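Note that this is a predicted model, so its numbers are computed, not measured. The first residue of the sequence shown is numbered 1, and numbering continues consecutively from there.
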Amino acid sequence: MKKNLLQMVLFVVLCTGAALGEDLVKNAGFEQAGADGLPSDWHGAPNAYSRDTAEKHSGEAALKYVNADSGAYVLCAQPVALTPGKMYEISAWVKTQDIMGEESGATLCVEYSGANGKWIGGCYPQGVKGTTDWTLIKGDTGRIPPEAAHCTLSCYVRREMTGTAWWDDVSITPIAERPLSSMLMSPNYRNQVLGPDPDPIRVRCFTTLTDYDLHLSDVFFSWRVLHTDDQSVVAQGELDPVPAAETDIVVDCKALKDGRYTVEITLQRRGGDALATDTWTVSRIAEIPERKAYIDAHNRLILNGEPFFPLGMYWGTVTPEQLDIYAQSDFNCLMPYGAPTKEMMDEIHARGLKVLYTVKDLYYGTSGCPADILTEEDEYARIKSYVEQFRDHPALLAWYINDELPLDMVDRLSLHRQWIEELDPHHPAWVVLYQVDQVREYLPTYDVIGTDPYPIPHNPPSKAGEYARKMTEALCGSRALWQVPQVFNWANYQKNEADKAAKRAPTFEEMRSMAWQSIAEGANGLVFYSWFDIRRDPATPFEEQWAKVKTIAREIKEMAPVLLSVEPPPNVMLEPAPWLNVLVKHAAGTTWVVLVNNSLEAGAAKLLAPDGPAAITDFAGGQPVTLAADGVTATVEMKPLDVRILKLDWKP
């Protein structure tokens, strides 16, 4: 049942070996003793850190940490000579005994600072806590910033933690970014090439030669399409010269017969060996199957033949009484953590609502997984039982199959998506990640993706738009994006009164801006977090927050026909500004411009419409926006976190 999946390896090791590690990390195995009981070349608090010869991973010694004071936060560090623009893998073997506290435990990090000593950034791998045997902790730095003048390597235990820990065999190894990465642009849904006259297969290729001392003129692309069953080559070609670092390989697939194919793309050194190869598997299906819900070529959900903008909220347990309140809003779906029974699915359908049905916890060994699921076979049996029970239910919209599980589970996550496709070809699989910088690596695990930035109150609201834009850019705008905006108060998740008092619910202006930021940056649906949280907020009454959330939902629903339009808009441009998110749409002869101020400062958006609109109107108030004397430009004043929806009517 398990198929071969593309493993998108991001990095390759440039240099390995103990000598290289010793060059970058002095006394990496803590073999040499120094002053005050510490290993030589390492600097830390002797009352917490020491060289230990009784416990070690290899050799004769390790670094030991003992701390009984949760208020003490000390590191054991040494300066390291890292080259700006280069990338490194940092690692250490770590063992713990009774490491206690809320944070992630014993780990290591590399930090960078400028010539003035000011912190620039760092690499902070997840640690280990409790009592554990020797565990390898690793992390990748990304490229060291060009302004980094000083770099420091530290072994440490995170803040407000106590216990005992050991480190050994610390390493910093140069790594090179893989010279080729790629993105299947078309087909954009389940890799299915559909219909008698399909669009070509399009793979976007990203060439990164920085770490190889090569230029684009030194390389070229070769590609092949192989029948998956017998590996026979049915099409092949080259792209030479490579026109740009970001370029598309386009394959005409009209002549392909029904079946599964592997598209193989190789970046080759001119006159030399292959540098890297990516493969993508596609299915050719000449007769388009009937489907209840699917993602079209424009990343829209098509439900029963019509475009549909999912607009919902996360729920806990569903009750008829709460459904009655919810159904009187403009939301059209919900995602209940408590998997609804058939009777409750019937209740939801009776109120005209749809369900994003959760099977996200069915991974053995993970938090939240039922105790009786112990094997992959158990996972499949439970998913199969849910899918067979609800795949034909009229309330079903999509399956929710992963909530922030880590990338090292990619094979298992991909397998669950595959099972959903095989068991229910009629409904897509949705996942939500906080790992916004890894969405392309997760690609085999979802049909639709979302991320969940919850910035309020300690981060700027602009984070909502930043997350959506990162997703759209990473996926080249070629996957459906259902984002998860914040409407809740973080106080619900704090354990003491002081921490609760430091939190608050987002304001109406913040929630509205974050929702429209997400849409402006590419979201095709929104599922707000969460219904159950606004019902239990210790500071803001439910009725007050619900009224605000309903108002935002009403505005989005009114604009849904415009948001779902795929008509090409006329040429309308906005002067770029970091505080401004922009969406331009065209529907039924009218152009719509959504302007979102993502900042806490007022601003003025500069609009240029070269074709000269007859009039510009503010949709919310119906007030005209004054065109300049040239008839093609306008200045739109925007309050902090403002959302302006402009309607442009054109001259006949």
Side-chain angles (χ1 to χ4, degrees), residues 3-12 176-286 297 299 410 414 418 439-445 473-479:
K3 299 175 184 173
N4 291 327
L5 298 167
L6 172 64
Q7 298 300 304
M8 300 298 290
V9 180
L10 290 182
F11 301 110
V12 294
E177 187 172 358
R178 193 169 184 269
L180 170 65
S181 65
S182 64
M183 175 74 203
L184 181 64
M185 301 285 292
S186 177
N188 68 322
Y189 182 61
R190 293 186 168 173
N191 296 14
Q192 295 175 343
V193 180
L194 299 176
D197 188 26
D199 291 334
I201 297 169
R202 184 179 297 272
V203 180
R204 184 151 299 167
C205 298
F206 303 88
T207 307
T208 305
L209 302 174
T210 304
D211 298 319
Y212 299 86
D213 294 326
L214 295 172
H215 303 282
L216 287 179
S217 59
D218 300 321
V219 298
F220 67 98
F221 283 110
S222 63
W223 59 265
R224 302 190 301 169
V225 179
L226 301 91
H227 200 288
T228 303
D229 289 342
D230 60 9
Q231 294 298 295
S232 59
V233 177
V234 298
Q236 59 186 329
E238 291 184 352
L239 181 62
D240 188 8
V242 179
E246 180 178 326
T247 192
D248 289 354
I249 302 290
V250 181
V251 180
D252 190 333
C253 52
K254 294 177 183 177
L256 295 182
K257 298 179 180 179
D258 280 15
R260 288 176 60 80
Y261 296 88
T262 300
V263 181
E264 179 185 277
I265 298 172
T266 300
L267 179 66
Q268 295 191 217
R269 190 194 310 259
R270 194 175 302 283
D273 296 333
L275 291 168
T277 297
D278 276 1
T279 60
W280 295 92
T281 299
V282 300
S283 298
R284 177 72 175 101
I285 305 171
N299 300 326
V410 66
S414 301
Q418 176 188 315
V439 294
R440 202 185 294 172
E441 293 93 299
Y442 277 93
L443 196 59
T445 73
E473 290 175 352
L475 300 174
C476 307
S478 66
R479 294 298 183 276

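- Between W223 and A235, the shortest heavy-atom distance links the atoms CZ3-C, 3.8 Å.
- Residues satisfying the side chain to side chain contact (heavy atoms under 4.5 Å, CB included) criterion with D199, sequence neighbours excluded, are S186.
- Judged by distance alone, the side chain of T228 and the main-chain N or O of R260 form a donor-acceptor pair under 3.5 Å.
- Shown here are the side chain to side chain contact (heavy atoms under 4.5 Å, CB included) partners of D258, two or more places apart in sequence or in another chain: R284, A286.
- The CG atom of L184 sits 7.5 Å away from atom OG of S478, with the distance rounded to the nearest 0.5 Å.
- Minimum interatomic distance between S217 and R270 (heavy atoms only, all atoms of both residues): O-NE, 3.1 Å.
- Considering only residues two or more places apart in sequence or on other chains, S222 meets the side chain to side chain donor-acceptor pair (under 3.5 Å) condition with Q268.
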Exercise. Passes side chain to side chain contact (heavy atoms under 4.5 Å, CB included), V263 versus I201? Steps please.
Worked result: CA-CA 9 Å; V263 181; I201 297 169; 4.2 Å; yes
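- At distances below 3.5 Å, at least one donor-acceptor pair connects side-chain atoms of Y261 with backbone N or O atoms of K257.
- Geometrically, R440 engages F206 in a cation-pi contact, judged by NZ or CZ lying under 6.0 Å from the ring centre and within 45° of the ring axis.
- Rounded to the nearest 0.5 Å, atoms CD1 (I265) and CZ (R224) are 12.0 Å apart.
- Atom-to-atom distance recorded for H227:NE2 and S232:OG is 6.5 Å, nearest 0.5 angstrom.
- Of the inter-residue distances, the one linking Q236 atom CD with L226 atom CG reads 9.0 Å to the nearest 0.5 angstrom.
- Checking each of L443, V203, D278 against M183 for a side chain to side chain contact (heavy atoms under 4.5 Å, CB included) leaves exactly one that passes, namely L443.
- Remark: D211 CG to E177 CD distance equals 7.0 Å, nearest 0.5 Å.
- Considering only residues two or more places apart in sequence or on other chains, A276 meets the side chain to side chain contact (heavy atoms under 4.5 Å, CB included) condition with R178, P179, L180.
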Got a list of side-chain donor-acceptor pairs under 3.5 Å for residues 242-250, not counting sequence neighbours?
from : atom 1 : to   : atom 2 : distance (Å)
D248 : OD1    : R204 : NE     : 2.8
D248 : OD2    : R202 : NH1    : 3.2
D248 : OD2    : R204 : NH2    : 3.1

For this session: Could you give me the CA-CA distance, side-chain angles and deciding distance for V193 and L256, then say whether side chain to side chain contact (heavy atoms under 4.5 Å, CB included) is met?
Result: CA-CA 10 Å; V193 180; L256 295 182; over 6 Å; no
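- Atom CZ of R269 and atom CG of L214 lie 5.0 Å apart (nearest 0.5 Å).
- One N or O on the side chain of N191 and one on the backbone of T281 form a donor-acceptor pair closer than 3.5 Å.
- Residue C253 comes nearest to P200 through the heavy atom pair SG-CA, 4.1 Å, listed as atom of the first residue, atom of the second, then distance.
- Remark: the W280 side chain and the S182 side chain contain an N/O donor-acceptor pair separated by less than 3.5 Å.
- Residue N188 comes nearest to M185 through the heavy atom pair CB-O, 3.7 Å, listed as atom of the first residue, atom of the second, then distance.
- In this view, D252 and K254 satisfy the side chain to side chain contact (heavy atoms under 4.5 Å, CB included) rule, not counting sequence neighbours.
- The shortest side-chain heavy-atom distance between T207 and L267 falls under the 4.5 Å cut-off.
- With 3.5 Å as the limit, one finds a donor-acceptor pair spanning the side chains of T266 and T277.
- When all heavy atoms of V282 and P187 are compared, the closest pair comes out as CG1-CD, 4.4 Å.
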